[in-house]
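First comes the structure, then the notes that go with it.
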Amino acid sequence: MNSDGIDTSALLTMLGLIAAVWAVVPSAAKLSFRLSLNWFDWLVIWTALFIIHGFFFEPVLTTLGMPTLGPWLWGFTKSTTQYLLFLVLAAFIYWRSRRTNLTRWNIGLFDELTTSLLHTGKHEELADLLQRHLESALDLAEPKSVRSRFANAIRPKRTAFHVVLKDDGSITLGEDAPTSKLFRKWFSCREWLADRVGPSQRVQRYAVNVVKRLLSSRSLVGHLAIARPYLCLDVMTRATLVEEGFQDEFFNALLANETSVLYSELKNNQNLGNAGHRLALPDENRLLRFYCANVDVAARLGVFRSVGEAVLAHIDADETLEKKLNGRLLTFQEVGKFHDPVYAGIYFFRIMVLEGLHQRVADHLWLHYMTFFASSLVDRAREVLPEDENYEFPTPLAYLLYIIVDTTAVWVMDAEALTNPGEQPLPNHPDGNHVHISFEAAEVIGRVIQVILMSPRVPNRLKEELLGVALYTLRDLEQRAHLAPLASVMRANLIEPYGFGEQNNYLYVLKQCFDEQDHVLRAHLRRLNEQLNAAMGAIL
């Protein structure tokens, strides 16, 4: 071969290898590669390839009058320089692929790629993609940057007439808009300029649709909840604005899988805090801290509804869970409860509501779900067996009823840790020192007790024990003179759980269970006994 000729074998080998690899690369990977590179990246790539080919065709270029590169320095030759350029180009492409930004220019590619991965069930690949781009997609859907605010300032107001934004970017003014050509030209010019400065409303609407489609996929959210729970937390506030059901599906998935981060955090969150029954929130428990470190976040996002409805759905629809809850207690009280969705939901409420109480919020945080939990549990309880009277908790379900009553009693009694002797607790304190939650819990505990006492599926011994938990709480309140208002609310709601006299025989059942309590306890609760007798007399 002529030594002065051009050897293109290396180029042919390289191009053949690239073509072969590209032919077997899945379409999703091709879309991901295209998404990773913007116009500047392609400019760098083509410039580097042009220079590399320039070295190969140096004899032709020299003949055409192009100057030579001169003598090589530091031991470099044409071949080593070509190799180094290829290496730098490969490194650049890899680096750019890991630092991709989702913009208004590539939202269409992102839509194509996520749709492909979602419909083919490649949730882990899609999770990797969302780990990098979900926040950027939300930024496009709800732009809050300086550029977007400037674009909104440029964009003309349209409150007085209707404007139709088409997918192709064109704008149609309604019939009620001014007909002046000058006005319409000025309107279109400002719209065009605003779209150049920041994301257009068409792009925003497109981004909203893309994010909504992803976050409304139960299978994808279920995968993210288990595999990437903290990614979900990072975007939770903004994601719920786009897709209201995102948080509901998130907690449905967490409660349905006992290996989820929710179960592990609840199990590792047993340490008491500084006062009362408040629990410490370790830094590593990121999910609990997200909602409870500042309980206003839980209130604003309505997490009580998400957790509460998920628990009720498990109680009402999970036949396997029903069989387990009505089985033998065995080690449920020590071990099994940490793998149970009902206990997890109750314990989450316990932590959240205690935080609300100690943070002095004037919001009950829907602790009334305790009544719904108790009602659903007794509806799913099996028939009472004669041997049930021999056990404190004959079934896991019976133990969960105790946890509900105990949790509600704790919310009532922690008012003591937040008020000083001589300081009267108020549900809405003028100085903000609220114990509103304790007053709400004093109402709820009466309703929970009514549900339990009126159920034929709860053994008599368990009814008496759970009523005893409530009565001992009332006794402790009455022994502290400054908690008298709270004790009064609790007495009233034990007798009239919903603020009015019951038409059934609830009072007789309550009286019967009260008379079975320890005589010392009954002696401390003379006022309750008197009010109960008066209520029964009023019925007669």
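- In this view, H314 satisfies the side chain to side chain donor-acceptor pair (under 3.5 Å) rule with no residue, not counting sequence neighbours.
- Within the 3.5 Å criterion, the main-chain N or O of L109 finds no donor-acceptor partner in the side chain of N106.
- Annotation: salt bridge (Lys or Arg N to Asp or Glu O under 4.0 Å) contacts of K324 (sequence neighbours excluded): D340.
- Applying the side chain to side chain donor-acceptor pair (under 3.5 Å) rule to Q333 yields no partners; only residues at least two apart in sequence or on another chain are considered.
- Applying the salt bridge (Lys or Arg N to Asp or Glu O under 4.0 Å) rule to E243 yields the partners K212; only residues at least two apart in sequence or on another chain are considered.
- The shortest side-chain heavy-atom distance between R213 and D111 falls under the 4.5 Å cut-off.
- Residue pairs meeting the ring-ring contact (aromatic ring centres under 6.0 Å, His included) criterion with at least one member in residues 232-256, sequence neighbours excluded, are F251-Y291, F251-F348.
- In this structure Y263 satisfies the ring pair (Phe, Tyr, Trp, His ring centres under 6.0 Å) test with no other residue, sequence neighbours excluded.
- Between H368 and W366, the ring planes lie perpendicular to each other; the angle is over 60°, past the 30° to 60° tilted range.
- For R286 and E265, the salt-bridge test fails: no basic side-chain N is under 4.0 Å from an acidic carboxylate O.
- With sequence neighbours excluded, the residues that form a salt bridge (Lys or Arg N to Asp or Glu O under 4.0 Å) with R447 are E443.
- With sequence neighbours left out, E124 forms a side chain to side chain donor-acceptor pair (under 3.5 Å) with H223, R228.
- For R328, the side-chain contact (heavy atoms from CB on, under 4.5 Å) test picks out L330, with sequence neighbours left out.
- Checked by atom type, the side-chain pair H358/D414 shows a donor-acceptor distance below 3.5 Å.
- In this view, D248 and R305 satisfy the salt bridge (Lys or Arg N to Asp or Glu O under 4.0 Å) rule, not counting sequence neighbours.
- Pairs engaging residues 268-285 under the salt bridge (charged side-chain N to carboxylate O under 4.0 Å, His left out) rule: R278-E355, D283-R289 [sequence neighbours left out].
- The pair D406-R350 meets the salt-bridge criterion, since a charged nitrogen lies less than 4.0 angstrom from a carboxylate oxygen.
- Considering only residues two or more places apart in sequence or on other chains, R382 meets the side chain to side chain donor-acceptor pair (under 3.5 Å) condition with D388.
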